[in-house]
Amino acid sequence: MNSYKIIKFFLKPIFKILYRPTILNIENIPDEIAFIFAGNHKNAFDPLLVSLSTKRTVRFLAKKELLEGKARLFFKALKVIPIDRTKKNKEATNTAIEILKSGGIISLFPEGTRNKTNNILLPFKFGAVSMAQKTNVPIVPFAITGEYKAFRKGIRIEFGEPFLVGDMELPQANAYLMKKVEDLIRKNIK
């Protein structure tokens, strides 16, 4: 068993007991094909919630600082793909594309950082739609709503229907993805 599966094996029951997440529309998560998870980002626990929603291994693109701090061994064990948010990331993008081409799953947060504003979403960066177009894999949009409160229900994740970018222009595809995520958020805000 690899380090990712070991960590997931131990974290899943703890996370479920601690935060009691509501997971909606997991039938929209493909069982065998490559795809990209793309959704909003509000809390440091969001990647765990996404990865615990599927039995498959999910590789995350995340800021390189996570692999430099005290928790670097944890993030390395999870096989996080580091992104330098100050420049283009050809190496990280190529790694993600290779994972997708070999049937894997990539997850990213197109906002590029946690949203600490009152806006529903920050503007989306083009990474998700660009990789989806280059690899012809679907994007599974998701929305995380509610709060991570210990021993209380409140956090929710809903997965939208997968879609292909196909021949869409990247700005059009990005706007479409952002609208799908926003619609899921609005549907789940209480």
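Quantities reported herein were computed from a predicted structural model and do not represent experimental measurements.
- Under a hydrophobic clustering in which Ile, Leu, Val, Met, Phe, Trp and Tyr are joined whenever their side-chain heavy atoms come within less than 4.5 Å, directly or via other members, Leu108 and Leu67 fall into different clusters.
- Hydrophobic clustering (ILVMFWY, side-chain heavy atoms < 4.5 Å, transitive): Val181 and Ile26 are in distinct clusters.
- Closest non-hydrogen pair, Gly39 versus Pro110, comes out as O-CD, 3.3 Å.
- Residues Phe35 and Phe159 fall within the same hydrophobic cluster, defined by Ile, Leu, Val, Met, Phe, Trp and Tyr side chains chained together at heavy-atom separations under 4.5 Å.
- Here Glu161 does not pair with Lys180 in a salt bridge; the nearest charged N to carboxylate O distance is not below 4.0 Å.
- Taking every heavy atom of both residues into account, Asn40 and Ala143 meet most closely at OD1-CA, 3.2 Å.
- Taking both residues in full, the closest heavy atoms of Ser107 and Val50 are given as OG-CG1, 3.8 Å, listed atom of the first, atom of the second, then distance.
- Sorted by first and then second residue, the side-chain hydrogen bond (donor to acceptor under 3.5 Å, both in side chains) pairs with a member in residues 44-59 read His41-Asp46, Asp46-Tyr148; sequence neighbours excluded.
- Considering all non-hydrogen atoms of both residues, Glu111 and Leu121 come closest at OE2-CA, 3.4 Å.
- In this structure Tyr176 satisfies the ring-ring contact (aromatic ring centres under 6.0 Å, His included) test together with Phe163, sequence neighbours excluded.
- Follow the hydrophobic side-chain contacts under 4.5 Å out from Leu11 and you never reach Phe9; the two are in separate clusters.
- Contact record, Ile7 with Leu78: CG2-CD2, 3.9 Å, taken as the closest heavy-atom pair.
- Classification of Lys179 and Asp183 as a salt-bridged pair holds, one side-chain N sitting under 4.0 Å from a carboxylate O.
- Panel note: side chain Gln133, backbone Met168; a donor-acceptor pair is recorded below 3.5 Å.
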Inset, instruction - Verify side-chain contact (heavy atoms from CB on, under 4.5 Å) between Ile29 and Phe37, making sure each step is shown before the conclusion. - result: CA-CA 9 Å; Ile29 301 172; Phe37 276 127; 4.0 Å; yes

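- Salt bridge present: Arg186 and Glu182 bring a charged side-chain N and a carboxylate O closer than 4.0 Å.
- Minimum heavy-atom separation, Ile139 to Ala128: CD1-O, 3.9 Å.
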Inset, instruction - Kindly indicate, with the supporting measurements, whether the criterion side-chain contact (heavy atoms from CB on, under 4.5 Å) is fulfilled by Lys149 and Arg20. - result: CA-CA 9 Å; Lys149 294 181 180 176; Arg20 301 177 185 171; over 6 Å; no

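- Connection of Met178 to Leu61 is established within a shared hydrophobic cluster, with ILVMFWY side chains joined at heavy-atom distances below 4.5 Å, either directly or through further cluster members.
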